[in-house]
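Below is one structure; the comments refer to it alone.
The analysis underlying the following values was restricted to heavy atoms, covering all of them including side chains, and did not include hydrogens, waters or symmetry mates. In the text below, chain A, chain B and the rest are named by the order of the sequence lines, each starting its count at 1.
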Number of protein chains: 2
Amino acid sequence: MNSFTEENYLKAIYKLSLSSGGVVNTNQIALQVNTKAATVTDMLKKLSDKNYILYQKYQGVTLTEAGKKIAIHIVRKHRLWEVFLVEKLNFKWDEVHDIAEQLEHIRSDELIDELDKFLEFPAFDPHGDPIPDKHGKITELTSVPLASVKHKGKLVFSGVEDHSKAFLQYLSKTGITLGDTITLNEIIDYDKSVEISIKNKKMFLSHEAAKNILVEKI
Amino acid sequence: MNSFTEENYLKAIYKLSLSSGGVVNTNQIALQVNTKAATVTDMLKKLSDKNYILYQKYQGVTLTEAGKKIAIHIVRKHRLWEVFLVEKLNFKWDEVHDIAEQLEHIRSDELIDELDKFLEFPAFDPHGDPIPDKHGKITELTSVPLASVKHKGKLVFSGVEDHSKAFLQYLSKTGITLGDTITLNEIIDYDKSVEISIKNKKMFLSHEAAKNILVEKI
DNA sequence: AAATAAATTTAGACTGATCTAAATCCATTT
DNA sequence: AAATGGATTTAGATCAGTCTAAATTTATTT
Ligand SMILES: [Mn+2]
Ligand SMILES: [Mn+2]
Ligand SMILES: [Mn+2]
Ligand SMILES: [Mn+2]
């Protein structure tokens, strides 16, 4: 059996590998799991011994199929629990992450599959992230940061890049909800901030905020 | 913060103290938490330092109010999760204990109080055990083992002493359900087995089984 | 290609939870 | 009151996960 710690490292490596295109470095992992590089090195040896990662000193790591499978299973559990908390227990989308960090380590395949059924097989979690199915199949998001959109027009708010409480609460305050149509009215040259409309309301968003808002083109 | 291990020791001491009338010994705890006496001694020192128990070498331990409060909170979580698993996720009463052993350590008061509300504040868990309220108030069972009943007559099946899968599955097979009326027809002198009726069906139960079936007189 | 800086690993240490074996305490029996 | 045996504690060790400081490797700059 894998420890919670091992599961957290695998999840971190998986997450980092999505943006870095496969190879993940020691320092990135240390940052992600909130520990020191020396500690990470020890763990990489262990994960490598268990054949969850390919590891060569100084060269970074990649997940093996076995490691990826475990990581995705943890992600599945995390996101299903988040849906449960929001849909059934009245939590807000900015309140669920820390609890899901704990619940994702509960071990029982039957539990998680029954939960999935109880929630009626949701495709996305409260932050717009896709939920892997019981076979580990996950349809990665095709959405892009609002800050990267070059042309004015209609978009759908489909997810967030930054999952921090502060950012999520800020979005709630603006009134934006997942699935809303966003119209990109203008991109300000000066500071790359953007003017958008949602529900006939106009507002400005900083470049920083726009980087963390994911949209789908329609 | 207390570790899972500390929580398990406190829960074990609480459980043992209910039957032993307060004082609990090292070996009993070792048996309950499935470890060795030497390990227990180490933990008792730690729990004593934290003022969760009163401990004097060789004299056994008692829970302090602080320790009892923590233990009861764990019991509350355990039993609420068991209700959730049975009522919402279609688990059988013999399948929930091990999962609840994990879920009872999830830390979030808001989570457990919301779960309580979602379940509509159940008073008993799937095994008939009372669920402490959010203030730690618990109405201890007044039920007695069927084996201790001296007179023939009607009784209500209100709980089990033995929570093992084997015993629970055996009861399911007999068709007895919590809340059923049991009529005690006869106590066999020879081996202390009993003849009962439930739903017009007669059956014999061994003394061993009768010891583990809890009933209320009506 | 050498110097320098950054990233990574190694060495050595600590803590919490566990174990076995040995020592000690206590209750019961003679 | 001494002997005995069971319960309990102490001593010493191990393992996982973590740290700091030092050594090493790799990448970047001159
Ligand atoms: Mn999350
Ligand atoms: Mn999420
Ligand atoms: Mn249970
Ligand atoms: Mn129960």
Side-chain angles (χ1 to χ4, degrees), chain A residues 1-13 15-17 19-63 67 70-71 74 101-102 104-105 107, chain B residues 1-13 15-17 19-63 67 70-71 74 101-102 104-105 107:
Chain A
M1 215 26 25
N2 309 306
S3 66
F4 286 15
T5 310
E6 288 169 323
E7 291 184 347
N8 283 333
Y9 274 86
L10 289 173
K11 186 174 57 132
I13 295 168
K15 184 179 177 184
L16 293 167
S17 74
S19 30
S20 73
V23 178
V24 179
N25 303 312
T26 303
N27 269 350
Q28 299 178 311
I29 299 169
L31 203 70
Q32 185 72 31
V33 303
N34 203 21
T35 185
K36 298 297 153 76
T39 308
V40 173
T41 300
D42 286 344
M43 182 56 82
L44 294 183
K45 283 175 197 157
K46 202 196 308 187
L47 295 175
S48 179
D49 287 347
K50 288 189 166 191
N51 291 311
Y52 295 150
I53 59 173
L54 300 174
Y55 171 51
Q56 300 200 81
K57 277 203 237 180
Y58 299 99
Q59 304 306 301
V61 298
T62 50
L63 286 176
I70 294 168
I74 305 293
E101 284 292 304
Q102 299 179 61
E104 72 189 6
H105 299 291
R107 277 177 243 280
Chain B
M1 212 32 16
N2 309 308
S3 67
F4 285 17
T5 310
E6 289 168 325
E7 291 184 346
N8 283 334
Y9 275 86
L10 289 173
K11 186 173 56 129
I13 295 168
K15 184 178 177 185
L16 293 167
S17 73
S19 30
S20 74
V23 179
V24 179
N25 304 311
T26 303
N27 267 352
Q28 298 178 312
I29 299 169
L31 202 69
Q32 185 73 29
V33 303
N34 203 22
T35 184
K36 298 298 154 78
T39 309
V40 173
T41 300
D42 284 344
M43 181 56 81
L44 294 183
K45 283 176 196 156
K46 200 193 311 184
L47 294 176
S48 179
D49 287 347
K50 289 189 165 193
N51 291 311
Y52 295 150
I53 59 173
L54 300 175
Y55 171 53
Q56 300 201 83
K57 277 202 233 179
Y58 298 102
Q59 304 305 304
V61 299
T62 48
L63 285 176
I70 294 168
I74 306 294
E101 284 291 305
Q102 299 180 61
E104 72 188 6
H105 300 292
R107 276 175 243 279

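With L47(B) as reference, I53(B) is the one residue of I53(B), L54(B), V61(B) to meet the side-chain contact (heavy atoms from CB on, under 4.5 Å) rule. Screening K45(A), K50(A), K11(A) for a salt bridge (charged side-chain N to carboxylate O under 4.0 Å, His left out) involving E6(A) leaves a single residue, K50(A).
Distances shown here put a side-chain N or O of N25(A) below 4.0 Å from the OP1 or OP2 atom of dT8(C). Contact check, S3(B) against dG16(C): no side-chain N or O comes under 4.0 Å of OP1 or OP2. The phosphate of dT10(D) has OP1 or OP2 within less than 4.0 Å of a side-chain N or O from K45(B). Residue Q59(B) has a polar side-chain atom (N or O) positioned under 4.0 Å from OP1 or OP2 of dC26(C). Residue Y55(B) places none of its side-chain N or O atoms closer than 4.0 Å to OP1 or OP2 of dT8(D). Distances shown here put a side-chain N or O of N27(A) below 4.0 Å from the OP1 or OP2 atom of dT8(C). Regarding contacts with the backbone of dG6(D), every side-chain N or O of Y58(B) stays at 4.0 angstrom or more from both OP1 and OP2. The shortest distance between the side-chain N/O atoms of K36(A) and the OP1/OP2 oxygens of dA21(D) is not below 4.0 Å.
Here the P atom of nucleotide dA7(D) and the CD atom of Q28(B) are 11 Å apart, to the nearest Å. Rounded to an integer number of Å, the gap from CD1 of I29(B) to P of dA7(D) is 14 Å. Rounded to a whole Å, the CG atom of N34(A) is 13 Å from the C1' atom of dC19(D). Atom CG in L44(B) sits roughly 16 Å away from atom P in dA7(D) (whole-Å rounding). In this entry the distance linking NZ of K57(B) with C1' of dA11(D) reads 13 Å, nearest Å. If you measure from atom CD of E6(B) to atom C1' of dT18(C), you get 14 Å, rounded to the nearest angstrom. Look at CG on L31(A): it is 11 Å from P on dA7(C), rounded to the nearest Å.
When heavy atoms are screened at a 4.0 angstrom cut-off, T41(B) is found touching base atoms of the nucleic acid. In this structure, F4(A) reaches neither bases nor backbone, as no heavy-atom distance under 4.0 Å exists between it and the strands shown. Residue-level contact check: Q56(A) touches neither bases nor backbone, having no heavy atom under 4.0 Å from any strand. Nucleic acid contact for T26(A): sugar-phosphate only, since backbone atoms but no base atoms lie under 4.0 Å from a heavy atom of the residue.
Distances were taken from every side-chain heavy atom of T39(A) (C-beta onward) to each of dT9(D), dC19(C), dC19(D); the shortest belongs to dC19(D). Comparing dT10(C), dT8(C), dT18(C) by their closest approach to the side chain of A38(A) singles out dT10(C). Of the candidate nucleotides dT18(C), dT18(D), dT9(D), dT18(C) has the atom nearest to the side chain of D42(B).
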I29(B) vs L44(B), side chain to side chain contact (heavy atoms under 4.5 Å, CB included): CA-CA, chis, key distance, verdict: CA-CA 10 Å; I29(B) 299 169; L44(B) 294 183; 4.0 Å; yes
Trace of the side chain to side chain contact (heavy atoms under 4.5 Å, CB included) decision for V23(B) with Q59(B): CA-CA 9 Å; V23(B) 179; Q59(B) 304 305 304; over 6 Å; no
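Using a 4.5 Å cut-off on side-chain heavy atoms (C-beta onward), H105(B) and Q102(B) make no contact.
Atom-to-atom distance recorded for N27(B):CG and K36(B):NZ is 11.5 Å, nearest 0.5 angstrom.
Nearest-nucleotide positions on DNA chain D for T5(A) and V40(B) put V40(B) closer to the 5' end.
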